[in-house]
Amino acid sequence: MKTTWQTALIVGASSGIGAALVKRLAAQGCRVAAVARRSDKLENLVVGAHAAGGGGEVLPYVADVRDAQSVPELFATITGDLGGLDLVIYAAGVMHPVQFEEYETVKDLEMLRINLSGAVAWLNPAAQRFGRLKKGTIVGIGSVAGDRGRSGSPVYNTSKAGLHTYLEALRNRVGRYGVKVVTIKPGFVDTAMTRGLPGLFWLISADRAAEVILKKARKGVVTAYVPGRWRLVMLIIRSMPSFIFRRLKV
Amino acid sequence: MLSADRLEWVGGWGEVLGDAGYVYRPSTLEGIREIFGEARAGEVPVALRGAGCSYGDAALRAESVVMDLSRMDRILAWDRETGIIDLEPGVTLRRLWRFVLGDGWWPPVVTGTMETSVGGCLAMNVHGKNNWARGTFGEHCLEFDLVTADGALRTVRRNDDPETFNAVVGSFGMLGVITRARLQMKKITSGLVEAKAVAAPDLETLLRLTDEAKDQWEYVVGWIDAFPKGRKLGRGLLHFARHLEPGEDAEPAQTLRAEAQDLPEDVFMMPKSAMWRLIKPFTNRPGMKWINRLKYFSGATLGEGAVYRQTFAEFSFLLDYVPNWKRIYRPGGLIQHQSFVPVDKAEAVFRRQLEACHKARQPAFLGVLKRHRPDDCLMGHGLDGFSLALDFPVVAGRRERLWQLVRTMAEDVVDAGGRFYAAKDAAIPGELYRASFREDQVERLLALKAELDPCAVLRTALGDRLLGN
């Protein structure tokens with residue numbers, strides 16, 4: 001059965017897939033809490049949603065996902081302001097460029113804090129709430145990069161693989177109560193994160209990605225590759241023996 | 001910040017409306033004050049909740065504190081000579097009648113279920129099957145203690161301050177928490193009533209027989225088969241009852257035992273706890289049409305004119321015969337539309353309501369008729385007339401049509417000078433509810449609200465909807 005949402009929370013909403021999700025949900029009449037660091041970008045979303053009509057509303061909240069301490073209070077404020085919560089999407093993520101022989105621990109740990117620890121900080125209260133209320137949808141934006149450990153980006157891959165596992169565990173915890181936990185694994189999406197990277201293919205816009213993500217989340221699928229053709233590609237890559245995979249220049 | 005541990009899904013009895021709320025269950029006056037303090041500090045509204053028997057959104061509000069008073073269920077004082085009892089708000093009618101019966105007393109007004117709480121009954125100023133004879137629940141309350149949102153406690157007595165008294169009673173929890181109520185019970189000499197069943201082939205006869213019976217019988221209630229059209233429209237069965245006079249019951253000490261009042265364990269040889277599962281497959285239009293038809297014909301033939309004795313509980317608490325009967329309406333739940341219409345316009349309005357249901361292809365699965373009298377409550381639903389309560393299943397995809405039907409019926413009720421019952425409501429637009437009162441009545445309630453609860457701490461989804469907050 002398809003789900004309808006009246007209220008949503010998007011973490012990592014200022015640009016890329018997060019911003020596109022905010023715009024789409026607001027255009028569908030949803031009240032959306034948009035969480036991000038950059039207030040000017042959030043303000044643009046508020047104004048844009050208002051100008052676009054559609055009956056929705058964007059409520060901006062400036063917060064840094066690296067600040068896990070502030071999440072419980074802000075989460076409670078947001079649910080109060082929204083008057084409920086039906087959908088939570090964790091879309092915050094960074095992929096710092098790393099050289100092949102680079103081992104920059106500070107940079108790597110920050111990636112883990114944003115991509116994985118931030119997700120835990122925001123999705124833990126969401127799972128607790130939805131589990132208790134026996135309803136709700138949680139979506140985590142992972143990546144095809146999380147399916148294998150590539151030599152080119154060890155920690156980014158790790159952060160996304162960790163996110164996938166965390167989402168699976170949440171699903172096993174709260175899925176029994178009727179809560180949907182959806183893992184999204186996008187391929188290459190045309191955002192600031194990928195702009196300028198070499199060797200991109202099957203590039204889709206952030207808006208198209210948002211459209212597919214919401215469609216999959218409504219259906220309550222467990223894991224969705226975006227676009228869908230990545231499923232076959234990643235099946236092959238995941239099935240590849242390690243001794244072959246490590247010889248690939250990826 | 002409110003603790004996430006408190007978060008619960010808080011639903012209306014009809015299982016249609018509900019929201020997440022931070023539920024607190026105080027057991028003392030101090031506990032209530034602490035909750036109000038916490039809510040004021042966090043600028044979070046507080047919705048009051050009794051036994052949760054209101055059908056719609058009366059005892060809930062999204063992301064608000066829900067103060068559930070069911071743990072405040074102590075009987076504080078009882079005078080078996082005068083029949084005056086002091087109670088906390090969470091005492092249920094079940095507990096109340098079982099407690100006073102043995103001394104030869106009975107609550108003068110009871111709802112169709114014994115699971116309602118005293119606090120809820122006062123907040124909604126509920127009525128029973130004897131509304132014409134005995135008035136509303138609030139009319140048998142002598143005084144109550146009221147805690148306002150600032151934590152102040154005051155005793156409000158009917159005789160000393162009737163204006164505040166009649167405003168708080170029936171104000172659906174918008175003015176304060178009743179922490180103690182003093183009620184006057186009714187003296188009885190037997191645990192039995194004498195009842196009579198009569199069939200009415202159409203709406204006009206049903207209303208006429210109800211009106212004729214109101215001065216001869218204390219209890220008068222009608223059941224309507226809402227499925228037939230044309231000349232059979234509004235056909236139904238009436239049940240009248242009266243208390244036994246002294247000497248009529250040969251064994252009053254036996255019938256005044258609480259155990260003698262217990263409802264039967266089995267219904268049609270089925271454990272009553274399983275009955276709803278048996279009925280559920282028939283909870284659709286064809287099924288309910290046949291159940292209603294069967295009930296009418298069995299009443300009109302086998303039961304017609306029968307005079308029989310029943311215990312008070314058997315006659316009063318029909319809704320408790322089948323525990324959890326609301327589950328037959330799952331997954332969508334049910335709403336009830338109960339409208340009160342003056343005597344001279346009742347037949348025409350109820351006829352149009354039943355016809356509107358047919359036109360919308362939403363016949364009510366259950367219809368109940370009662371006779372009423374005016375009450376002194378500021379936001380009371382009482383008037384010299386009849387009420388018709390119609391139960392509707394809520395089905396996904398047809399919800400908007402049902403809400404439109406309710407609106408259409410409500411507009412007609414307002415035009416006829418009628419009223420609505422907040423305890424049952426889930427769907428009436430606020431402007432129609434307010435239009436059913438004189439302008440100065442709503443203004444008086446809002447003025448009193450501003451005086452007793454200036455920060456608007458006490459709010460419910462129903463209050464927001466009906467009062468337009």
(Q) Testing the basics here: between B/Val46 and B/Ala39, what is the closest heavy-atom pair and its distance to 0.1 Å? (A) CG2-CB, 3.4 Å
(Q) As an exercise: rank B/Asp19, B/Val10, B/Asp5 by heavy-atom pairs under 4.5 Å with chain A and give me the winner. (A) B/Asp5
Q) B/Tyr433 vs B/Phe172 aromatic rings, parallel, tilted or perpendicular, using cut-offs 30° and 60°? A) perpendicular
Q. Is a side-chain donor-acceptor pair under 3.5 Å present for B/Asp150 with B/Thr148?
A. yes
Q. Any chance the side chains of B/Tyr329 and B/Asp391 put a donor and an acceptor closer than 3.5 Å?
A. no
Q) So which of B/Ala20, B/Ser64, B/Ala62 has the biggest tally of heavy-atom pairs under 4.5 Å with chain A? A) B/Ala20
**Q.** A/Lys134 versus chain B, the contacting section by heavy-atom distance below 4.5 Å
**A.** neither
